[in-house]
S.K.: 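The structure follows.
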Amino acid sequence: FFHLDIGNPYFMTFAGVRGTLYYGERSFIENKVEIPLIQGLKAGGWTRTIVNISRATASNMRNLRAEFFVEQVLLSK
């Protein structure tokens, strides 16, 4: 398992966040795993999620890239 802390520095909340984590030893495009649905990223806060990477080793986690997709943006007053 891989603990991923996601920061949101904006004054808006992101809802329905999905993503993909790419990783590899020489390049981050060697492997990929889906990041589970995150209900919301609160404005100005951190959210921790757990990504299940069953076959990862320290050497093939040298290069990481996370890509996120947001279903809804909620603006606060």
S.K.: Compare every heavy atom of Asn60 with every heavy atom of Tyr23, then report the nearest pair and how far apart it is.
M.R.: CD1-O, 3.3 Å

S.K.: Write down the atom of Glu25, the atom of Glu30, and the distance for their closest heavy-atom approach.
M.R.: N-OE1, 3.2 Å

S.K.: Under the criterion side-chain contact (heavy atoms from CB on, under 4.5 Å), which of Val70, Val17, Thr13, Thr49 is the partner of Leu41?
M.R.: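 Of the listed options, the one satisfying the test is Val17.
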
S.K.: Can Arg65 be said to sit on top of Tyr22's aromatic six-ring, NZ or CZ under 6.0 Å from centre and within 45° of the ring axis?
M.R.: yes

S.K.: Report yes or no: do Phe69 and Leu37 belong to one cluster of Ile/Leu/Val/Met/Phe/Trp/Tyr joined by side chain heavy-atom distances under 4.5 Å?
M.R.: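 Unlinked, Phe69 and Leu37 end up in two clusters.
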
S.K.: With a 4.5 Å limit on heavy-atom distance, are the side chains of Tyr10 and Leu75 in contact?
M.R.: no

S.K.: What I'd like to find out is whether the side chain of Leu4 reaches to under 4.5 Å of the side chain of Ile6, using heavy atoms alone.
M.R.: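 Sidechains of Ile6 and Leu4: in contact.
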
S.K.: Search all heavy atoms of Lys32 against all heavy atoms of Thr20 and return the closest pair with its distance.
M.R.: CB-CG2, 4.0 Å

S.K.: Kindly give the heavy-atom pair with the smallest separation between Leu74 and Ala15, and that separation in Å.
M.R.: CD1-CB, 4.3 Å

S.K.: Any idea which heavy atoms bring Gly40 and Thr47 closest together, and the distance?
M.R.: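 Answer, listing the atom of Gly40 first, then Thr47: O-OG1, 3.7 Å.
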
S.K.: Is any side-chain heavy atom of Glu71 less than 4.5 Å from a side-chain heavy atom of Phe14?
M.R.: no

S.K.: Look at Glu34 together with Arg18 and state whether they make a salt bridge at an N to O cut-off of under 4.0 Å.
M.R.: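 Answer for the salt bridge query: no.
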
S.K.: Does Phe68 have more than 12 heavy atoms from other residues, nucleotides or ligands lying within 6.0 Å of its CZ?
M.R.: yes

S.K.: On a heavy-atom basis, which atom in Asp5 and which in Trp46 lie closest, and how many Å separate them?
M.R.: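 For Asp5 versus Trp46, the nearest heavy atoms are O-CZ3, 3.8 Å.
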
